[in-house]
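Some notes on the structure that comes next.
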Number of protein chains: 2
Amino acid sequence: MEAAVDLPDDALYNIAAVERDTGLSKDTLRVWERRYGFPTPVRDRHDERLYSTGQLEKLRLLRLLIDHGHRPGKIINQSNVELTQLIASRAPEQTPPPEIAALIALLTSHDTDGFRNALLQALMKQGLLRFVTETVAALNYWIGEAWLAGKIAVFDEHLYSEHVQNILRNAIIAQPGRGSAPRVLLTSLPGEKHRIGLLMVEAVLVAEGGACVALGTETPVIDIQNAAPAYQVDVVALSFSSAFTQNAALAGLTELRALLPDSIEVWGGGGALARARKAPAGALLLRSFDDMRYALERWRVEHAQR
Amino acid sequence: MEAAVDLPDDALYNIAAVERDTGLSKDTLRVWERRYGFPTPVRDRHDERLYSTGQLEKLRLLRLLIDHGHRPGKIINQSNVELTQLIASRAPEQTPPPEIAALIALLTSHDTDGFRNALLQALMKQGLLRFVTETVAALNYWIGEAWLAGKIAVFDEHLYSEHVQNILRNAIIAQPGRGSAPRVLLTSLPGEKHRIGLLMVEAVLVAEGGACVALGTETPVIDIQNAAPAYQVDVVALSFSSAFTQNAALAGLTELRALLPDSIEVWGGGGALARARKAPAGALLLRSFDDMRYALERWRVEHAQR
DNA sequence: AGCCATTTCTGTCCAGGACAATATGGAAGC
DNA sequence: GCTTCCATATTGTCCTGGACAGAAATGGCT
């Protein structure tokens, strides 16, 4: 029994590596072992945990399902195969429209140049506004689905994110005109890392002739409070992907609303708020890009007479 | 139920927030308290640690000095003032060159368009390679210094990062030619969020005629392992900013080296590795952009005969 | 159906002990 | 003088097992 190459199959990972690769904290890993009897890593000579590749794999499946609403206690004792089926059964066999399917096919065939060119072509054909609200939005959705179904690799998703960022940032810079009122400060709260949503909003804003001060992701509330007057913005807009809890998103909006002067509006949008019933007092919920365009128009009407 | 209105100055941070803001692990924070008597957070009604703004500040100074070679036990009982002096004495009263100072002045005056235009102008004047290795590198350094000295706000740093990203991504896309060998897969490991370093590397690579597959930040090792053959790359390059521990960076390189076939080279660079003594067997340490250009050249010579 | 109270579940925090990995400092050898 | 090696000191990470807050699920009420 001799392997020509070191097979990664019998590799062992210490708890720090598992935390890094699964996003599950060391405390969580230990408490799962204590409560549910999984994972059961072997120990090295100094009684430190060493996790097998199979356990690491299962932990990643669990993480995925938990992020999509399953409870750990219900699924932790199922086998890898059962978990994979659970993931597959989630989405009722739908297929994306052909344009989107073609783009995804380019991505999964690892044809980086082809994918980039196809995106650029779609942008040219549709213009920035439609490109963002139709193509990119649909891509986000269907790539998420494909990922759940195991049809797309994590690294493909990374590459997708990079390409879309490149193209959107490029288009935003290229947009003619310097933008007028309202000036919108755009960012997300700590914990919210999803950059594409922010860039999509920025693209729409710029396309509609607004001016955008983009701070990127994960700005602490206090720093937003300080930045808003410094940049003399009219609106502070926050994006919450579905990685955020709806409650956490609403709490963030409420906190920010309390900290900012009344003259500055607070807008919130994104997946976490798509199903929210009502906005916190004094804040505005944007459930779609159309909502945002109406909000822009309303702001301009209200501030027209001066 | 408690009514909590946070005022920035007497704000209190729980141990998770401090870990996030300082990069010191919870274990380290607790063991320092036990051993050295610092920090001494107050406790909430459930005996959980709450760190004051001042202690958070001191912890950040300590982290910084430790990253620069000081030992914790020697400096942990000095005051904030003494630590600040220690930092100041580290870089003997230097001032940034006038071009850099002018850019920083635009940034701190919140003149977003002016800052953007000045960056674009520098790029046009210098070309991509010099812009990255001179202007952006210097800006990173001096903005870090300005932050240490309290001369720059967190949100200004966020805005800086966004603008540089816009410009670099724009320049990378605009670069003529599709790039040839070697094909380099470029990313960072989970925990390493610093995007500008990655983009700088990508810009230099592209400017030198290489082909780059950029996966963005925080790609788990397993996914890198899978991506490398899928994209048929010749080299996997990882970037570690000084937010990473040197040990963690070296461990990551070692792990990756073991998982990838010998035909794929492993390169690592960035602040965390700047003072590393020797590279893990089979990996290459790049301590500067020049190192990277030499490495590219060497690779091309070695693979010239076909 | 919607709303509120109660129970269950789950992640994070705690204390204090242990030890591996690294850095330091000095002695020995070239 | 300079490296090389080894003993010692320092420092970060991991361990166990207990506790509890906050989120989610459940049930009872209008």
Side-chain angles (χ1 to χ4, degrees), chain A residues 12-20 22-38 41-51 59 62-63 65-77 191 244-251 272 275 277-278, chain B residues 1-2 4 12-20 22-51 59 62-63 65-77 191 244-251 254 272 275-278 280:
Chain A
L12 293 174
Y13 303 85
N14 66 20
I15 196 169
V18 175
E19 175 181 47
R20 220 191 36 207
T22 63
L24 299 166
S25 77
K26 295 175 186 125
D27 274 326
T28 300
L29 289 167
R30 294 196 197 102
V31 90
W32 280 9
E33 184 177 343
R34 208 195 308 166
R35 277 195 195 131
Y36 309 119
F38 180 87
V42 299
R43 302 302 182 104
D44 67 7
R45 70 186 177 315
H46 189 53
D47 248 20
E48 305 198 338
R49 292 171 174 79
L50 291 176
Y51 296 82
L59 287 169
L62 287 170
R63 173 68 200 260
L65 285 162
I66 290 165
D67 282 349
H68 283 80
H70 287 81
R71 307 300 307 274
K74 308 263 182 184
I75 55 175
I76 200 164
N77 283 315
F244 241 67
T245 317
Q246 177 175 304
N247 285 345
L250 292 173
R275 270 184 287 278
R277 307 185 162 279
K278 56 174 190 175
Chain B
M1 178 121 345
E2 56 178 346
L12 293 173
Y13 303 84
N14 65 21
I15 196 168
V18 175
E19 176 180 46
R20 178 165 46 76
T22 63
L24 298 165
S25 76
K26 294 169 188 138
D27 275 325
T28 299
L29 289 167
R30 294 195 197 102
V31 89
W32 279 8
E33 184 178 344
R34 209 195 307 167
R35 279 196 193 131
Y36 309 120
F38 180 88
T40 50
V42 299
R43 302 301 182 105
D44 67 8
R45 66 191 177 314
H46 188 53
D47 247 23
E48 305 198 338
R49 291 171 174 80
L50 290 177
Y51 297 83
L59 288 169
L62 287 171
R63 171 68 201 259
L65 286 162
I66 290 166
D67 283 347
H68 284 80
H70 288 80
R71 309 298 306 275
K74 307 266 182 185
I75 56 175
I76 200 163
N77 283 315
F244 239 70
T245 317
Q246 178 175 305
N247 287 346
L250 291 174
T254 306
R275 62 184 59 237
R277 299 180 171 280
K278 57 174 187 173

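Letters A, B, ... are given to chains in the order of the sequence lines, protein chains preceding strands, and every chain is numbered from 1.
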Using a cut-off of less than 4.0 Å, is there contact between a side-chain N or O of B:S25 and OP1 or OP2 of D:dG12? no
Say you draw a straight line from CZ of B:R43 to CD of B:E48; how long is it, rounded to the nearest 0.5 Å? 9.0 Å
Does A:R34 reach a base, just sugar-phosphate, or nothing at all? Heavy atoms under 4.0 Å. base
Expressed in angstrom and rounded to an integer, what is the separation of B:N14 atom CG from D:dA21 atom C1'? 12 Å
Do the side chains of B:L59 and B:L29 get nearer than 4.5 Å, heavy atoms only? yes
d(CG, A:N77; P, C:dC9) in whole Å: 14 Å
Any heavy-atom pair between the side chains of B:L62 and B:I75 that's under 4.5 Å? yes
What nucleic acid atoms does B:R35 come within less than 4.0 Å of, heavy atoms only: base, sugar-phosphate, or nothing? base
Between P of C:dC14 and CG of B:L50, the distance in whole Å: 9 Å
Of the listed nucleotides D:dG12, C:dT12, C:dC13, the one nearest the side chain of B:W32: D:dG12
Ranking D:dA24, C:dA23, C:dA15 by distance to the side chain of B:R71, first place goes to C:dA23
Expected output: side-chain A:R63 to main-chain A:T22 donor-acceptor under 3.5 Å: yes
So, does B:K26 get its side chain near the phosphate of C:dT12, meaning an N or O under 4.0 Å from OP1 or OP2? no
Whether B:Y36 contacts D:dT11 is assessed here as follows: a side-chain N or O lying under 4.0 Å from the phosphate OP1 or OP2. Is that the case? yes
Have a look at B:D27 and say if it touches a base, only the backbone sugar-phosphate, or nothing, with a 4.0 Å heavy-atom cut-off. base
With rounding to the nearest 0.5 Å, note down the distance linking CD1 in A:I76 to CZ in A:R71. 12.5 Å
Do the side chain of A:R30 and the base of D:dG17 come within less than 3.5 angstrom through a donor-acceptor pair of N or O atoms? no
Check whether any side-chain N or O of A:H46 sits under 4.0 Å from OP1 or OP2 of C:dC19, and answer yes or no. no
Residue whose closest nucleotide on DNA chain D lies nearer the 5' end, A:R49 versus B:E48: A:R49
Measure the distance from CG on A:L62 to P on C:dG11 and round it to the nearest whole Å. 10 Å
